[in-house]
Each structure stands twice: as structure tokens, then as C-alpha cells.
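Scroll down for the structure; my scribbles are underneath it.
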Amino acid sequence: MYTIGETAKLTGFSTDTLRFYEKIGLIPFAQRTDNGLRTYNENDVHILKFLNCLKQTGLSLEDMAEFVQKGQVFQQEYQPTEETYLSLQKRIEILSKHLKKMQQQREDIDKVIRLTENKLVFL
């Protein structure tokens, strides 16, 4: 079990961000010790690291919430049902849309880099 401070260091989030994500329902409420301190387990840390990866790509909180709905994305095993299939399709759609956005951003940055390199040649 990890304290909120240890979890923050392990996941790259601040303690304030962890509390905020809990408050808005992005992550489940943390377990509490007898004296009310938040504790996190390995699975919590795994989920938070994954969310940090999504955040680093610029995925919105709304899309992150949609992506992790019902926690199905983190299950090791699940029974293939219509609901899990639809959930998987939705997550694929979210990431595919976001990937296209990032590819466009990369193309835009590449254009700016080429323009800057060309300007430097003429200086």
C-alpha cells in the first residue's frame, strides 16, 4: 500500500491532481486508513500511470473518463459480451480520433521546423 505522496511520485501526478481526479470520478475513491489517510495499491498505481500516459498525449479529461469507464480497460480477464465489445469499440474510436489529432499536430510542427530551418539558411 502506498500513501498519496508515494503514489504521486510513482505516477507523475501531484497529490492535488490525485484528489481532483477522485473528486470528479475519474478514479475511484481511494481506500482510507483508520485515521482517514488515502492509500493506494499496485492496481491503483497501474491505472494512474496509464492515465498519465493518456494525459501526456493531450487527451481531454472527458475522453479519459470515457476511456476508463467501468474500469473494463484494466481488467486482466473478462467475458466477451456485447457490452464489453461496445466498450472496446468506443475506446478504439477515442484513441483513433486522438491519434489523428496528434499526427496533424506533428505535421504542423514539422512545417514550422522546416520554415525555421529555411529562415536560418538565409540569415
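- Rounded to the nearest 0.5 angstrom, Asn41 CG and His46 NE2 are separated by 11.5 Å.
- Counting only heavy atoms from C-beta outward, the side chains of Val45 and Lys49 approach each other to under 4.5 Å.
- In this structure, the side chains of Leu54 and Leu51 come closer than 4.5 Å at one or more pairs of heavy atoms.
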* **Check against side chain to side chain donor-acceptor pair (under 3.5 Å), Asp16 and Ser14** => CA-CA 5 Å; Asp16 289 337; Ser14 70; 5.1 Å; no
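- Surrounding CG of Asp34 are at most 12 heavy atoms belonging to other residues, nucleotides or ligands under 6.0 Å away.
- Grouping the Ile, Leu, Val, Met, Phe, Trp and Tyr side chains by contacts below 4.5 angstrom, directly or via other members, places Ile47 apart from Met1.
- Rounding to the nearest 0.5 angstrom, the gap separating the CG atom in Leu26 from the CG atom in Leu48 is 8.5 Å.
- Contact of the Arg38 side chain with the Gln31 side chain is not registered, since no non-hydrogen atoms from C-beta on lie closer than 4.5 Å.
- Atom CG in Asp44 sits 7.5 Å away from atom CD1 in Ile27 (nearest 0.5 Å).
- Salt-bridge annotation for Glu6 and Lys9: absent, with no side-chain N of the basic residue lying under 4.0 Å from a carboxylate O of the acidic one.
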* Step by step, would you call Glu22 with Arg19 a salt bridge (Lys or Arg N to Asp or Glu O under 4.0 Å)? -> CA-CA 5 Å; Glu22 186 178 307; Arg19 288 183 194 99; over 6 Å; no
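- Pairing each heavy atom of Ala8 with each of Phe13, the nearest pair is CB-O, 3.0 Å.
- Tyr40 places none of its side-chain heavy atoms less than 4.5 Å from the side chain of Thr11.
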